[in-house]
2 protein chains.
Amino acid sequence: MNDGVAAAQDPRDPLLLDRQVCFPLYAATNLLSRLYGPVLRELGLTYPQYLVMLVLWEKEPQTVGSLGARLYLDSGTLTPLLKRMEAAGLVRRTRDPEDERRVVIELTESGKILRNQAVYVPETLARGRKSEGIDELRDSVRRLVELLAEQTGSKR
Amino acid sequence: MNDGVAAAQDPRDPLLLDRQVCFPLYAATNLLSRLYGPVLRELGLTYPQYLVMLVLWEKEPQTVGSLGARLYLDSGTLTPLLKRMEAAGLVRRTRDPEDERRVVIELTESGKILRNQAVYVPETLARGRKSEGIDELRDSVRRLVELLAEQTGSKR
DNA sequence: AAATTATATATTGCGCACAATATAATTGGA
DNA sequence: TCCAATTATATTGTGCGCAATATATAATTT
């Protein structure tokens with residue numbers, strides 16, 4: 001019986017892929033990153049680097065820690081990423097003289113100027129796509145993020 | 001003027017991090033993967049490997065291509081991942097004699113048995129968390145995924 | 001002030017993701 | 001039948017993302 005099929009297809013089976021919340025989030029993130037990729041490449045940015053730039057364009061300077069708190073990332077991810085951005089001439093990394101443990105990240109002139117090209121990224125990606133209900137979706141996911149962040153004690 | 005601040009804080013600024021849809025998705029995916037990590041490690045699985053197992057537990061055998069179509073991943077990601085799962089004794093990889101281009105993935109006995117432990121994963125992760133509105137969120141993100149998948153012509 | 005503890009970032013090692021490319025098998029004409 | 005185009009997977013190289021650990025500085029305690 002049930003030849004070649006590993007499991008029953010009870011729609012209440014907790015392991016059905018289509019019942020998981022995590023999977024569509026995972027798939028959407030991958031698809032979005034794939035969509036952003038070619039557009040951002042023209043600016044010399046990867047997708048996570050673009051997020052770092054968004055934070056810095058809002059407020060500058062920042063420490064590695066404050067960037068990580070905003071993006072839910074830790075130094076294991078940010079340190080090498082920021083070094084690549086420094087090598088690309090987008091940011092400067094300097095030890096804070098007030099507290100030598102901290103590393104201060106600030107934009108270089110070309111990092112600031114890049115913003116002028118970046119302003120067209122959102123509309124380039126939105127073009128031709130219906131944005132119906134997109135704000136509600138964003139806010140729902142944001143509530144989930146805050147829930148997850150507080151529960152994982154995420155001060156990464 | 002505007003000393004040390006890179007950009008104005010106009011709430012309609014298209015580059016504000018909090019206006020992006022992509023960022024909460026990105027953050028939620030990272031936080032969730034971090035949450036799943038320790039639980040799945042007891043089963044000897046990573047998070048993407050868990051997703052592959054969910055697909056195989058539903059239907060087996062599958063080809064690399066059919067797994068990729070379901071998970072929106074391509075062979076560049078799946079081939080090394082499946083080789084690690086083969087090395088861990090969870091799956092078998094064999095060329096399809098009908099079409100030697102295809103690689104057929106099927107569960108080993110221990111791959112099938114692992115399901116008995118995996119059934120507790122969803123409830124372990126849900127425990128103590130309020131699941132209010134979670135189904136609607138999942139369906140919203142799923143609609144977004146389908147939109148993105150068709151538009152990126154994603155037959156990866 | 002010395003010892004302890006806490007904090008901030010860096011390093012290491014591993015496993016994804018993905019673009020670009022390569023290889024091999026199959027299909028579909030001319 | 002040959003051959004060009006298509007399809008399926010593999011390979012290579014780069015950049016995350018993260019756990020675990022290391023290092024150095026600062027704050028706190030004694």
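Since the structure is predicted, the reported quantities are computational estimates derived from the model, not experimental observations. In what follows, every chain begins at residue 1, and chains take the letters A, B, ... in the order their sequences are listed.
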- request: Check the pair A/Glu86 / A/Ile105 against side chain to side chain contact (heavy atoms under 4.5 Å, CB included), numbers first and verdict last.
  value: CA-CA 9 Å; A/Glu86 184 183 40; A/Ile105 308 296; over 6 Å; no
message: I'd like to know if A/Ser75 reaches the base of C/dA8 with its side chain such that a donor and an acceptor end up less than 3.5 angstrom apart.
response: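 Checked by distance alone, the answer is no.
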Are [X] and [Y] within salt-bridge range, i.e. N to O under 4.0 Å?
X: B/Arg115; Y: A/Asp13; result: yes
X: A/Asp18; Y: B/Arg70; result: yes
X: B/Arg95; Y: B/Glu100; result: no

Out of [options], whichever nucleotide has its closest atom nearest the side chain of [X]:
X: A/Arg84; options: C/dA17, C/dA25, D/dG15; result: D/dG15
X: B/Arg102; options: C/dG15, D/dT9, D/dT6; result: D/dT9
X: A/Arg41; options: C/dA20, D/dT11, C/dT9; result: C/dA20
X: A/Thr63; options: D/dA19, C/dT9, D/dT9; result: C/dT9
X: B/Tyr26; options: C/dT9, D/dT9, D/dG17; result: D/dG17

On the nucleotide [N], are OP1 or OP2 found under 4.0 Å from the side-chain N or O atoms that [X] carries?
X: A/Thr46; N: D/dC16; result: yes
X: B/Arg101; N: C/dA22; result: no
X: B/Thr79; N: D/dA10; result: yes

- prompt: Which residue, B/Tyr47 or A/Leu78, contacts DNA chain C at a nucleotide closer to its 5' end, judged by nearest heavy atom?
  reply: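 Its nucleotide being nearer the 5' end, the pick is A/Leu78.
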5'-most by nearest nucleotide on DNA chain C - B/Gln49 or A/Arg93: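 The residue closer to the strand's 5' end, by nearest nucleotide, is A/Arg93.
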